[in-house]
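What follows is a short report on a single structure.
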Amino acid sequence: MKRVSIVIPCFNESEVIDTTVAELISVTQGIKNYEFELIFVNDGSSDDTEKKLLAHSKRYNNVRTISFSRNFGHQQAVSAGLDVSTGDAVVLIDADLQDPPKVIAEMIIKWEEGFDVVYGTRASREGESWFKLLTAKSFYRILNYLSEVKIPLDTGDFRLMDRQVVDHLIAMPEKSRFIRGMVSWIGFNQTAISYKRSARFAGESKYPLAKMLKFGIDGILSFSVKPLKLSIMMGFACSGVAMLMLLYSVYIRLMTDHWETGWTSILVSILFMGGVQLISIGILGEYVARIYNESKQRPLYIIKQQREVDVQETDSITK
Ligand code: UDP
Ligand code: MG
């Protein structure tokens, strides 16, 4: 029997976790002829998410819980789940039921048709602020414009991946992980399933603005060196303007008699040049910081406690 692993990153999801486990168990029980393994990664929650997860692991043979020593972040949690997964395919899904577990059945059908990656594209999103909708929509478009790899629009991490894709993903050593982009980079046969993204079942988003920004910048800088080229373009543009100013000043000096004026233009060009230089150094700095982080070779995450349950030996409840 083919086995499908489902990886669920959880950070302070106490309010939703029981419902999520129940929903996933019931959905997977409804899919016949497959064996399911649920891997919950507790990303350093400070509420009782971990306690609840461990109780579920005790109750269901095919529910595994991994706990980090602190909060490492969503992408790290997903990576840890992938690292320990044993399925012939792995599904990534959020803990807050925004990605409907029912779609997993459709993903498996597509997988059986021969697709190696089946990703969920959000046809619509409920219960999000206009700010989140606008920033998310623009982010995916800017990212696509800048990135050398084509990354599908309006697509999160909700997806099914074949074992061979997962193995390649695990083998990629980079530390700043933008998983949806890395999967696009890996290639193979990929296809989309469109779904309606619901509102969060309960609790607050665990992606406040600062985290979202960091995630977005990570995505762009990990998949594009165009911002560096942009600073060269800005340099050329500024030099062009400076050239014109030079000609203009010479003309004023030689041909007219009011050449001592010009304080404003000097001030404006100094400020403008200063700004452009700082931006360029900043962009450069972001890339250097990434090189620095990669060169430290630190592990992606640290696991505090692990409940290992062998799905093969025990009689799986969801079979
Ligand atoms: N998450 C995580 N670590 C974090 C932040 C989020 O594991 O540091 C998990 C969270 O529990 C959820 C998923 O990542 O399962 C997506 O987070 P959330 O729903 O808060 O993001 P949003 O849907 O608002 O973008
Ligand atoms: Mg969510």
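Computed from heavy atoms alone, side chains included, the values below leave out hydrogens, waters and symmetry copies. Order of appearance sets the numbers: ligands from 1, and atoms from 1 within every ligand.
Under a hydrophobic-cluster definition in which Ile, Leu, Val, Met, Phe, Trp and Tyr are linked whenever side-chain heavy atoms come within less than 4.5 Å, directly or via other members, I170 and W185 are assigned to the same cluster.
One finds a salt bridge joining K206 and E13 here, because a Lys/Arg side-chain nitrogen approaches an Asp/Glu carboxylate oxygen to under 4.0 Å. Salt bridge present: R290 and E286 bring a charged side-chain N and a carboxylate O closer than 4.0 Å. Remark: D157 engages R180 in a salt bridge, criterion side-chain N to carboxylate O under 4.0 Å.
With ligand atoms numbered from 1 in the order given, ligand 1 contributes 7 (O), 11 (O) to contacts under 4.0 Å with heavy atoms of C10. The distance from ligand 1 to the heavy atoms of K211 drops below 4.0 Å at these ligand atoms: 4 (C), 5 (C), 8 (O). Ligand 1 places these atoms under 4.0 Å from at least one heavy atom of G73: 3 (N), 8 (O).
Remark: ligand 1 and A77 share no N or O pair separated by less than 3.5 Å (distance only, no angle test). At under 3.5 Å, a nitrogen or oxygen of D43, whether backbone or side chain, sits near a nitrogen or oxygen of ligand 1.
In terms of protein heavy atoms, atom 19 (O) of ligand 1 is closest to D96 OD2, 2.6 Å. For atom 10 (C) of ligand 1, the nearest non-hydrogen atom of the protein is E13 OE2, 3.2 Å. Shortest contact from atom 9 (C) of ligand 1 to any protein heavy atom: P9 O, 3.8 Å. For atom 18 (P) of ligand 1, the closest non-hydrogen atom of the protein is R200 NH2, 3.6 Å. In terms of protein heavy-atom proximity, atom 14 (O) of ligand 1 is closest to H74 CD2, 3.3 Å. Regarding atom 16 (C) of ligand 1, its nearest protein heavy-atom neighbour is D94 OD2, 3.3 Å. For atom 1 (N) of ligand 1, the nearest protein heavy atom (residue, atom name, distance) is F11 CB, 3.8 Å. Closest to atom 21 (O) of ligand 1 among all protein heavy atoms lies Y207 CD1, 3.2 Å.
Residue contacts with ligand 1 for N71 involve side-chain atoms from C-beta outward but no N, CA, C or O (heavy atoms, distance under 4.0 Å). In S205, the parts holding a heavy atom less than 4.0 Å from any atom of ligand 1 are both the side chain and the backbone.
Taking each of Q76, R197, K206 in turn, the one with a heavy atom nearest to atom 20 (O) of ligand 1 proves to be K206. Nearest to atom 23 (O) of ligand 1 by heavy-atom distance, out of K132, Q98, M212, is Q98.
In terms of distance to the Mg ion (ligand 2), the nearest N, O or S atom of D96 is named OD2.
Summarising the geometry, atom CD belonging to E15 is positioned 11.5 Å from atom CG belonging to D96; distances are rounded to the nearest 0.5 Å. Taking CZ of R59 as the reference point, atom CD1 of I25 lies at 8.0 Å (rounded to 0.5 Å). The distance from atom CZ of F223 to atom CE of M182, rounded to the nearest 0.5 Å, is 6.5 Å. We find the NZ-CG distance between K175 and N293 to be 10.5 Å, quoted to the nearest 0.5 Å.
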Trace of the ring-ring contact (aromatic ring centres under 6.0 Å, His included) decision for Y207 with H74 = CA-CA 9 Å; Y207 264 102; H74 178 202; 5.7 Å; yes
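Around the OH atom of Y251, the shell of radius 6.0 Å holds no more than 12 heavy atoms that belong to other residues, nucleotides or ligands.
The nearest N, O or S atom of Q98 is closer to the Mg ion (ligand 2) than 2.8 Å.
No close placement of the F188 and F115 rings is indicated, their centers lying 6.0 Å or farther apart.
Partner I66 forms a side chain to side chain contact (heavy atoms under 4.5 Å, CB included) with one of D43, L53, I39 and no other, that one being I39.
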